[in-house]
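In each ligand, atom 1 is the first atom listed, and ligand 1 is the first ligand listed. Only heavy atoms go into these numbers, but all of them, side chains included; no hydrogens, no water, no symmetry mates.
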Amino acid sequence: MKDVMRVGIIGGGLMGREAASAFARWFVLERFPVRVELVAVCDLQDTLLDWFRQIPTVRLLTKDHRELLASPDVDVVYVAVPHHLHESIYLEVLAAGKDLLAEKPFGIDLAAARRIRDAATTSGRFVRCSSEFPFLPGAQRVIDIARSGKLGRLLEIHSCFWHASDLDPSKPVNWKRQVKFCGEIGVMGDLGMHVVHIPLRLGWNPARVYAQLQKVYTERPDGKGGFAACDTWDNAQLHCDLEVSGSTVPMRLEMKRLAPGATNTWWVEVLGTEGGARYSTAEPKTLWIFERQKEQRWIRIDLGFQTPFPTITGGIFEPGFPDCFLQMWAAYAAERAGALDGRFGCVTPDEAVRSHELFAAGLESHRTRAAVTV
Ligand SMILES: NC(=O)c1ccc[n+]([C@@H]2O[C@H](COP(=O)([O-])OP(=O)(O)OC[C@H]3O[C@@H](n4cnc5c(N)ncnc54)[C@H](O)[C@@H]3O)[C@@H](O)[C@H]2O)c1
């Protein structure tokens, strides 16, 4: 008999439904110790609640998240709501005695992140934060290479997440473009967890940061014939110093909503004097490895489906977003069950707080036009 992890979702929008899709194909995971069941969903919109009616295991559909939290059927809650609601709902999840997979960011700012982390510690519940791209096969290979000790002296690191649809000024406003819902950190809160997860897990904690933040479009159509203010940062470039083995190593983190031509392009590059690796979701099968021997060469490898948690999917097939999202959930369920077995895990509360320390330092750096100690 496998353990059953019974999940409730608060926020059934874009990501809430993506989670439901991951649970619906859970059986593709091979020899996995945990079964998952989506049992309850909360959203404010009737059309979204109706969408979840097609999932036979869902027993509770509600517009009141307190009703979901009161349900003894729910073990784990996935919260995917606008950022200004993260802290209050995460704290209520913990107070209700449930485990939590929090969507990023971990609260709207640093103070909120610290309060959530402290409540998670006090509660003893299993809490992790969402970031799925490191679970792609190409990203896993970059992590392995970075950990292999074969890079020589570390030269530099790039970790970037680029969007482009905001280049269209006629794209209507939504809550992600307004500080009161998205937070003062703007695009850093929206895309930042995705770029810091691997560096922080590898021990690359920025010592200093110089931030360049850009607001480009300050209003957008409100969908009602008028315009609404957009006051969040659109693009953020964080130029960081790492102290590694007595040397200062540059690390550039980029979070962009205005990156020409980039559709959800997440990429990471690690360069050393002896070796390096680069992976981008723009070429989901392609891993680039640098080797310095008698001659220097970049080697292109056509990857297959070597995910951290094996599935029935053929080893030569291509992975995509729904696959890494399922793998992230598998990592959450495995770690919660004590079965991670040394594999890469989801973002911890301490890492989430460190991400916010960096973003807060980024805001200060931009304000003062100076490098700021993190
Ligand atoms: N991991 C990723 O790749 C990824 C991608 C996109 C968004 N996100 C994150 O997921 C979260 C949600 O983003 P989204 O794109 O799904 O947004 P969305 O707007 O599509 O969905 C949010 C949902 O929350 C519901 N909601 C609002 N207030 C609520 C309340 N009090 N109770 C219950 N439901 C409520 C809304 O009705 C909406 O359906 C955010 O934190 C965002 O940063 C993560």
K176 side, atom NZ; C230 side, atom SG - distance, nearest 0.5 Å:
13.5 Å
Judging by distance only, is a nitrogen or oxygen of M15 under 3.5 angstrom from one on ligand 1?
yes
Applying a strict 4.0 Å limit to heavy atoms, is H194 in contact with ligand 1?
yes
Is D190 touching ligand 1 with its side chain, its backbone, both, or neither, if touching means heavy atoms under 4.0 Å apart?
side chain
Atom 33 (C) of ligand 1: which protein heavy atom is closest, and how many Å away?
C42 SG, 3.6 Å
So the atoms of ligand 1 within less than 4.0 Å of a heavy atom of Q45 turn out to be 36 (C), 37 (O), 38 (C), 39 (O)
In this structure, atom 13 (O) of ligand 1 is nearest to the protein heavy atom W175 CZ2, 3.6 Å
Do F126 and Y332 have ring centroids that are under 6.0 Å from one another?
yes
If the cut-off is 4.0 Å to any non-hydrogen atom of P82, which atoms of ligand 1 fall inside it?
24 (O), 27 (C)
K176 touching ligand 1 at heavy-atom level, < 4.0 angstrom:
yes
Ring centres under 6.0 Å, that's the criterion: do W267 and F161 meet it?
no
Among L68, V81, I9, closest by any non-hydrogen atom to atom 40 (C) of ligand 1:
V81
Is the shortest heavy-atom distance from the side chain of L326 to the side chain of R25 under 4.5 Å?
yes
Given the options V372, V209, V353, L358 meets side-chain contact (heavy atoms from CB on, under 4.5 Å) only with V209
In the structure I gave you, are the side-chain heavy atoms of D241 and V249 within less than 4.5 Å of one another anywhere?
no
Just jot down the ligand 1 atoms closer than 4.0 angstrom to any heavy atom of H86, in number order.
41 (O)
Kindly indicate whether a cation-pi arrangement holds for R117 with F106, taking the cut-offs as under 6.0 Å to the six-membered ring centre and within 45° of the axis.
no
Sub-4.0 Å heavy-atom contact, H65 with ligand 1
no
Are D109 and H356 linked by a side-chain donor-acceptor pair shorter than 3.5 Å?
no
Element-labelled atoms of ligand 1 that are located less than 4.0 Å from some non-hydrogen atom of S130:
1 (N)
Atoms of ligand 1 less than 4.0 Å from G13 heavy atoms?
20 (O), 21 (O), 23 (C), 39 (O)
Looking at H83 versus W175, is the centre-to-centre ring distance below 6.0 Å?
yes
Counting from 1, what ligand 1 atoms have a heavy atom of F321 closer than 4.0 Å?
3 (O)
From L14, L48, T47, I10 - option closest to atom 20 (O) of ligand 1 by heavy atom
L14
Nearest neighbour in protein (non-hydrogen) for atom 44 (C) of ligand 1:
E103 OE1, 3.2 Å
What's the shortest distance from atom 25 (C) of ligand 1 to any protein heavy atom, and which residue and atom give it?
D43 OD2, 3.2 Å
Indicate yes or no: at least one non-hydrogen side-chain atom of E269 is less than 4.5 angstrom from one of V142.
no
To atom 28 (N) of ligand 1, the nearest of T62, L191, V41, L85 on a heavy-atom basis is L85
Which ligand 1 atoms does E132 reach within 4.0 Å, using its non-hydrogen atoms?
1 (N), 2 (C), 3 (O)
May I ask you to check whether Y279 and W288 place their ring centers less than 6.0 Å from one another?
no
Testing L68, V76, L69 one by one against V93 for a side-chain contact (heavy atoms from CB on, under 4.5 Å), which residue passes?
L69
Distance to 0.1 Å, residue and atom name: give those for the protein heavy atom nearest to atom 41 (O) of ligand 1.
K104 O, 2.8 Å
Within-4.5 Å side-chain heavy-atom neighbours: F133 and Q327
no
Should the pair R257 and W162 be classed as cation-pi, given the thresholds of under 6.0 Å to the six-membered ring centre and 45° from the axis?
no
Closest to atom 22 (C) of ligand 1 (heavy atoms only, candidates C324, A80, G11) is A80
Ligand 1 to H83, heavy atom cutoff 4.0 Å, flagged ligand atoms 40 (C), 41 (O), 42 (C), 43 (O)
Quick one: look at F133 and ligand 1, take heavy-atom pairs under 4.0 Å, and tell me if it's side chain, backbone, both or neither.
neither
Short version for K63: what comes under 4.0 Å of ligand 1, heavy atoms counted, is neither
